[in-house]
Structure formats: C-alpha cells, structure tokens
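Quick note: numbers below take in every heavy atom, side chains included, and nothing from hydrogens, waters or symmetry partners. Numbers for residues simply follow the sequence, beginning at 1.
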Amino acid sequence: MQTMAERIVIPGGALDPHVHFRQPGATHKEDFTTGTRAALVGGYTAVFDMPNNPIPTMTPAALDEKRRLAHGNIYIDVGFNYGGTLESSQTFQLVIDRVRALKVYMNPTTGNLLVESDKELETIFSMWPKKHPIMVHAEGPTFERAINMARKTGQRLHLCHMSLASEMQMIIDAKEEGLPVTAEVSAHNLFLTEDDAKHMPHGMGMVKHPLATEKDRQALWDNIDAIDIIASDHAPHTKEEKDKFEEGKGPYGVTGLETTLPLMLTAVNAGWLSMEKLVDMISTKPREIFRLKSDSQTYTEVILGDRPHVIDAKDLETRAKQTPFDGYMVTGRVANVDLRGVRILREGEIVGLPQGRVL
Ligand code: DOR
Ligand code: ZN
Ligand code: ZN
C-alpha cells in the first residue's frame with residue numbers, strides 16, 4: 001500500500017480508442033464539447049469516437065459531417081472509427097485516411113449496425129484496407145467467431161470490452177497461436193459484477209458486455225498481463241433514459257471517461273497492477289495498436305496515493321451526469337494535462353480553449 005502521494009507523468013497523455021459521443025443525433029446525451037471536456041478532466045489527450053449514432057458513421061458524408069461538427073469544438077484530439085457493414089464496405093477505400101479503425105458490431109446493442117452472418121463478416125474483413133485494425137463488439141461465443149475471422153483473413157483484430165473468463169482464455173490461446181489480436185477491458189468490468197448491477201438504481205449497471213460474475217472479474221485481474229489496453233467505452237445516456245430499465249427496456253451503456261484513471265490509479269495503489277502496466281495500457285499500447293504518434297510536449301500528470309476522495313456524479317463534465325461509481329472512494333487523481341506544450345488542465349480544472357485537432 002502506497003502512503004505518500006506521488007506525481008507521475010504519462011507520456012503522450014491517455015488515449016481512449018473507444019468512446020461514444022452522441023453528435024449528431026443525440027446531443028441531449030453528449031456532444032463533442034461536453035464529451036471532450038469529460039475526457040480532458042479524465043486525463044485523456046485523444047479519443048476515438050464510435051460510429052453508432054442515429055445516422056451511423058458508415059458513409060463518407062456522415063464521417064465528414066462528424067469531422068465538421070467536431071472542428072473548433074473539441075478540447076482534446078478526436079479521431080473517428082468507421083462502421084463496418086456489407087453496405088459500407090463499398091466505401092472503405094474512400095475513408096481509410098480519415099478514420100482510425102473499423103468497428104464491427106456482432107451482437108445487438110445501441111444503434112443499427114449489426115452484422116450477423118459469417119459470410120457478411122468475411123466480406124467486410126476482406127474489404128478493409130490493412131492500414132488500421134478492426135475493432136469488434138463480440139460477446140461470448142461471438143468472440144470466438146471474430147478470432148476465427150482474423151485467422152482466416154489475416155486482419156489485425158481488436159476485441160472490445162471483454163468481460164468473461166472464457167473470453168480471457170480465448171485471448172490467451174489466440175496470442176499463443178501468434179494471431180494478431182489485441183484485447184481491451186473497461187474499468188466497470190474490472191471493478192463491478194452482476195450483483196452490483198442488481199443493486200444499482202436507474203439501470204445504471206446495465207451495459208454490454210454485461211457486468212459478469214465475481215469469477216469472471218477475478219479472471220481479468222489474474223490475467224491482466226494478457227490484456228493490452230484499458231478503454232472507457234464511455235456510453236452516455238441520461239438518467240431518465242436509464243430509468244426505463246425499471247420497465248425492462250432502457251439503453252445499455254455507462255459513462256467512464258472521468259472515472260477510469262482515478263479507479264485504475266486506486267488499483268495501482270492497492271497493488272493490483274503496476275504503474276508501468278497502467279501507463280502501457282492507457283497510453284503506450286493504444287498508440288502502438290492504432291498507430292497514433294505523440295510528441296514530448298503532450299502529457300498527463302496524475303497523482304498516485306492521493307488523499308481519499310469520493311466520486312460524485314453531479315461533479316461530472318459529461319452531459320449524462322451519472323456513473324455506476326457514484327459514491328466510490330478513490331485514491332488517485334488527474335492533476336495536469338499539456339497538449340502540444342499548452343497547459344489545458346491545471347490541478348483538475350480546465351484552463352485551455354477547445355484547441356483539439358480532428359485526427
Ligand atoms: O453498453 C453499451 N452501450 N454497449 C455498446 O456496445 C454500445 C454502447 C452505447 O452506444 O450506448
Ligand atoms: Zn461495444
Ligand atoms: Zn462501445
């Protein structure tokens with residue numbers, strides 16, 4: 001147990017390749033300004049936005065509209081992931097230089113981008129230029145189908161927000177086999193279980209991948225060295241929308257940009273992983289996988305072993321103002337962020353202007 005507060009620099013700052021800002025189409029949940037403010041307070045210098053908007057990012061026009069809306073309104077750098085369907089595969093060549101990854105949805109979730117058959121999946125994987133990786137939302141048995149497709153097509157595959165012990169084993173096996181697969185975990189799956197979800201109001205623990213069993217959660221920690229990166233999967237919905245889970249049909253997703261680093265620093269403090277591994281998972285490795293360079297003038301300074309403080313949903317910058325970690329005690333904090341030599345977060349307060357770049 002760490003007792004002295006220590007300031008540590010994360011070179012390049014944190015990079016999150018998996019967030020859902022809701023612009024255009026659902027800005028009552030989040031927009032580029034509120035989303036990047038949340039990201040900045042959370043210690044990120046760059047994030048990649050997912051394609052599952054009401055008008056999904058699966059045409060060159062939808063992509064360019066998002067880039068236009070982001071320009072001038074973002075506090076940190078924002079890149080875009082393209083939605084992969086049979087239809088959009090016709091446009092991959094047209095957008096490859098303006099996106100960071102392909103995202104394929106193999107299970108039903110928010111949005112309308114589901115790809116169900118292996119035949120379609122194979123076409124999509126084969127059409128994708130090999131410059132950037134393919135990210136998949138694949139739960140349980142579908143996880144294995146995604147790995148099989150990576151084997152068949154030789155594509156670099158990134159498996160999003162894994163949560164199960166069985167998925168952990170599949171990753172270990174695929175890596176042993178030498179397949180180009182990488183794995184991502186989110187803080188909510190490292191810290192919470194299905195029992196927690198049962199006791200949370202407002203369907204606040206309802207998310208896909210679902211919160212799993214204590215055994216699953218433990219398997220993630222036991223094999224943390226085999227997990228490449230941590231992503232927030234920041235998926236804002238309003239409290240009123242989440243409340244609909246009381247009738248069994250609310251939207252899935254939890255916010256995470258402002259809680260991930262404090263929680264992970266608390267885990268470092270408790271000795272669950274090393275600070276080196278955390279820096280690797282939140283900056284070095286995502287930059288490597290998604291081929292995003294950084295410069296020496298961009299970094300995040302965090303405090304490890306901070307005096308305990310309590311996460312309070314009403315202090316959040318995200319428009320959704322809710323988190324399953326409301327009331328959690330953490331012992332880590334994001335202090336300062338510099339972007340290309342300009343201080344944009346000072347002792348936890350936003351001091352910069354929206355000078356982020358569209359990647
Ligand atoms: O819980 C989730 N929410 N999982 C997803 O895959 C999508 C996300 C969202 O966009 O709300
Ligand atoms: Zn997902
Ligand atoms: Zn997601």
Side-chain angles (χ1 to χ4, degrees), residues 14 16 18-22 26-31 33-44 47 49-50 75-76 109-110 160-161 163 184-212 217 220 230-246 250-270 278 282 302-303 306 308-334 345 348-350:
D16 192 337
H18 188 159
V19 306
H20 301 263
F21 293 161
R22 306 295 193 183
T27 51
H28 64 287
K29 300 174 197 264
E30 198 82 289
D31 63 25
T33 303
T34 55
T36 55
R37 286 179 69 90
L40 172 54
V41 165
Y44 295 90
V47 297
D49 175 56
M50 283 296 181
Y75 282 80
I76 58 154
T109 183
T110 308
C160 293
H161 46 55
S163 71
E184 163 195 305
V185 71
S186 300
H188 48 268
N189 285 310
L190 283 174
F191 286 85
L192 303 173
T193 66
E194 57 190 9
D195 286 335
D196 297 312
K198 273 186 212 131
H199 297 114
M200 277 177 201
H202 313 295
M204 218 133 62
M206 300 303 276
V207 57
K208 290 185 170 188
H209 280 63
L211 299 180
R217 192 183 76 87
L220 301 180
I230 179 141
S232 69
D233 192 12
H234 180 77
H237 300 284
T238 66
K239 219 175 231 164
E240 293 70 36
E241 291 167 329
K242 296 290 275 180
D243 263 337
K244 300 211 176 95
F245 269 109
E246 323 243 291
Y252 290 88
V254 300
T255 63
L257 279 169
E258 292 162 87
T259 46
T260 296
L261 253 178
L263 286 162
M264 293 309 290
L265 289 165
T266 305
V268 170
N269 209 41
L278 175 55
I282 208 148
V302 295
I303 302 179
D306 189 23
H309 67 273
V310 172
I311 293 173
D312 188 339
K314 68 178 184 317
D315 295 339
L316 297 175
E317 290 285 341
T318 173
R319 190 161 279 153
K321 298 266 180 289
Q322 44 114 354
T323 162
F325 295 106
D326 195 25
Y328 261 63
M329 205 183 71
V330 288
T331 58
R333 188 153 55 96
V334 177
L345 188 82
E349 300 290 329
I350 296 174

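In terms of modelled atom types and a separation under 3.5 Å, the side chain of Lys208 and the main chain of Gly253 share no donor-acceptor contact. The closest donor-acceptor contact from the side chain of Asp16 to the backbone of Ser232 lies under 3.5 Å. Remark: the backbone N or O of His188 is not paired with any side-chain donor or acceptor of Ser186 at under 3.5 angstrom. Formation of a donor-acceptor pair under 3.5 Å by the Thr260 side chain with backbone atoms of Gly256 is found in this model. A side-chain donor-acceptor contact under 3.5 Å links Glu258 to the backbone of Glu317. In terms of modelled atom types and a separation under 3.5 Å, the side chain of Asp196 and the main chain of Thr193 share a donor-acceptor contact. For the pair Arg217 (side chain) and Leu190 (backbone), a donor-acceptor distance under 3.5 Å is present.
Contact of the Ile350 side chain with the Leu345 side chain is registered, since non-hydrogen atoms from C-beta on lie closer than 4.5 Å. Using a 4.5 Å cut-off on side-chain heavy atoms (C-beta onward), Leu261 and Leu278 make contact. Between Tyr44 and Thr36, every side-chain heavy-atom pair lies at or beyond the 4.5 Å cut-off. Between Leu257 and Thr318 the shortest side-chain heavy-atom distance does not fall below 4.5 Å. Val330 has its side chain within reach of Leu263: a pair of non-hydrogen atoms, C-beta onward, lies under 4.5 Å apart.
With rounding to the nearest 0.5 Å, the separation of CG in Leu192 from OH in Tyr328 is 4.5 Å. To the nearest 0.5 Å, the span separating OG1 on Thr238 from CZ on Arg22 amounts to 10.5 Å. Thr259 OG1 to Phe191 CZ: the interatomic distance, rounded to the nearest 0.5 Å, is 9.5 Å. Once rounded to the nearest 0.5 Å, the distance linking CG of Leu211 with CG of Asn189 reads 5.5 Å. Note that NE2 of His209 and OH of Tyr252 are 13.5 Å apart. Values are rounded to the nearest 0.5 Å. Here the OG1-CG distance, from Thr323 to Asp312, works out to 10.5 Å after rounding to the nearest 0.5 Å.
Glu30 pairs with exactly one of Arg319, His234, His237 by the side-chain hydrogen bond (donor to acceptor under 3.5 Å, both in side chains) rule, that one being His234. Between Glu241 and the choices Lys29, Gln322, His202, the side-chain hydrogen bond (donor to acceptor under 3.5 Å, both in side chains) rule is met once, by Lys29. For the side-chain hydrogen bond (donor to acceptor under 3.5 Å, both in side chains) with His20, the lone residue among Thr110, Asp49, Asp233 that qualifies is Asp233.
Ring planes of His18 and His161: tilted class, angle from 30 to 60°.
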Practice task
Show your reasoning for whether side-chain contact (heavy atoms from CB on, under 4.5 Å) applies to Thr33 and Arg37.
Solution key: CA-CA 6 Å; Thr33 303; Arg37 286 179 69 90; 4.3 Å; yes
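Other residues, nucleotides and ligands place more than 12 heavy atoms under 6.0 Å from the NZ atom of Lys198.
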